[in-house]
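The block underneath contains the structure these notes are about, expressed in structure tokens.
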Amino acid sequence: MSEPPAGAGPGAPGPRISRVYRWDLDKTYLQTDFDTVRALLRTAFEGAGKKLTVPGAATLLRELRGAPAPDGGVSRVCFISGSPRQMRRVLMEKLRLDGVEFDEFILKPNLRNMLTGRFRAMREQVGYKLPALLAGRSGLMPETREVCFGDDAESDGFIYSLYGDVLAGRVDRALLAQILVGAGVYPEDAQRTLTLADALPRAEAVERIFIHLDRRSPPGRFDRYGARLVPIYNYFQAALVLYEGRLLEAPAVMRVALEMVDKHGYSMDALRNSLQDLLRRGRLGLPAVQALGETVAGGAAHLPALGELPGARELIRSFAQRLRELGPLPEGAGAHRGESDPIDYLKALEEDLPRRKRHG
Amino acid sequence: MLTIAIDAMGGDNAPDEVVRAAAALSLEKSGRNVQLLLVGDAGRINALLHGLRHDAERIAVHHAAHAVAMHESPAEALRQRPDSSIAVAARLCAQGQAQALVSAGNTGASVLACRDSWGRIPGVRRAALAAVYPTEMRRGDKDDPFSLILDVGATLDVSEDDLCTFAVMGAAYAARISKNPRPRVALLSNGSEAGKGPREVVRAHARLRRHPQLNFVGNIEGVDIPRGSADVVICGGFVGNVVLKMLEGVSETVVRLASYAYKERLLWRAGLVMLSGGIRRLKDLTDWEQYGGAPLLGFDHLFIKAHGRSGSRAIQNAVKVAARGAGTGLSEDIAEGLRLLPPAEDAPPAGEASG
């Protein structure tokens, strides 16, 4: 199921793991179109070189994996995707081309599902991803924190939130069983999920969930999942939130921005709007933005590793100026920075994951 | 990259329909080089955006504490609330943060806000508000069914100079927006002869006839407007406003009469059903929501006034018109056209009564 590099797999001896970054692939890391049968077929047969990365995702992943942890531990990158295992070779080649290193790579056993007549499991995600996440957690220490990345096309927001709340002990065994039945999970998958959940020590492990709004869903759709889940329009926004959480440093944020400008044609206006959007939604605090602005305004002396991208220095100066010009926060900002109410998963099943979407 | 400022608080259906329009526009792939700047109550705008599909990379919000209501006296409202959304939006354009402005709000306040913050194109003494109206004929590369009439209310008392300026501005706008390279320009008068009409019309006629670039076709009468005898019809703001309201009134009356007939007799109803295809085409033709709004011409930025009752679709079209007009060299075209305008003739001809 997984393919860990030597010495870094679950349970293997090695450096202490401080943080795990869990990534979905399609529509989260890759710009995948499977909304039509033709697009689905094209996706299935296209080579690694043809696959497109979501702007900023590759740089952000590299930065996260290489970022020094404050406690001296290391970070792991784990992919968990609904793509079939038959695509492993081409997907791994794509990550290699992007220069992205990873520690775990989990794909869905869809051929086995088909051959054993488990047709519902071919589309259903809760019964596949939740036990896979819990299994991936089993080799980690309770204090290892996790940051999860998904998208709005499937049920990632629901699954990652449920995963975090199961680990934290906010969803007990009986409720979890009820949720799994409601989600249409096969009984054997449900039983395996419950067993895995029982075996894990309780911990506030999932500290942040990013949902890439690939379909441009209304951000309000995810309010039910609380402040931990941040809907994002691009990975510059994710980098900003991670900077505020001290998981990334200013040069790393700027490298994500520069990649988006240099390789994907992002304008300064688009980056500025992305920043303002986070502020307006209360997903980012002004002090963090001001600190970032001051750091990048300091410029060359503090950011020696920003590379030789054309116009990089000018871009940074302009960006710093825009940050300072933002002025006071618009009214209504800050609404999502406090404590969140408990998530009603049974209600979320009915409202956010109507039956057809639970399998999407 | 082009930025269009939108007065989020202007119009009968603001801010809901305005924000809905911005959200929908932000998702359109065809306009990826256009950014939208929503100006208004940031709290309300944010709350609306939060529940809508949109692309936040293309939308910025600028807070404005107040708004001018549709019924308010424009000058007084702007004096009392200089931080109203339309005034703030006009200032943002002047500061270079946007290249054009769209509002469905109070027309007078919009014109005043633009006048207070924007500069005029060299040679323009007074601005003109232009309206489009449907005609029998279609024109230009886009097969545009609409003609332009200006001024329809920005400048009530006009001079010969103003009418000539309006002609140049209207022609430049029609060429840019309707892709009609040589629009036919006419003066609205009480007869087609050159000597007909009030003095300023007669004198303007004499000058426009000598313009080296303008496709001036002379005077037309009111009856020629819906026929489409001219692509750009020039008149003073008072006359233009009366004409526009009358055209709207006639259109509404026809619809009401049809509705009455439908209810009154089975035979009439059957006749109307048989004509339904044609009526639908007529409705499409006179559908003000699709043409996007009226441009205010003469300033160094473009302002598009959307109908006060605009819904999301009308606002979207108004923004598209603004995006087409801004950054296309419209101001430069107008300045060049005015430079070529012949000077006034010395002897003022006397006006004639209609005949």
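Keep in mind it's a predicted model, so treat the numbers as computed, not measured. Side chains are part of it too, since the values below use all heavy atoms of this structure and drop only hydrogens, waters and symmetry mates. Below, read A as the first sequence line, B as the second, and so on, with proteins coming before strands; counting in each chain starts at 1.
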Looking only at heavy atoms and a cut-off of under 4.5 Å, which of B:L49, B:D55, B:T3, B:L27 has the most pairs with chain A?
B:D55
Shortest non-hydrogen contact between A:P231 and A:Q237, atoms and distance:
O-OE1, 4.5 Å
Does either side chain, that of B:Y173 or that of B:D333, offer a donor lying less than 3.5 Å from an acceptor on the other one?
no
Go through the atoms of A:S217 and report whether side chain, backbone, both or neither lie under 4.5 Å from a heavy atom of chain B.
backbone
For a quick check under 3.5 Å, do A:Y266 and A:E259 share a side-chain donor-acceptor pair by atom type?
no
Chain B interface, residue from A:N273, A:L213, A:L278 that has the most non-hydrogen pairs under 4.5 Å:
A:N273
If the plane angle is over 60° it's perpendicular, under 30° parallel, otherwise tilted; pick one for A:Y235 and A:H212.
parallel
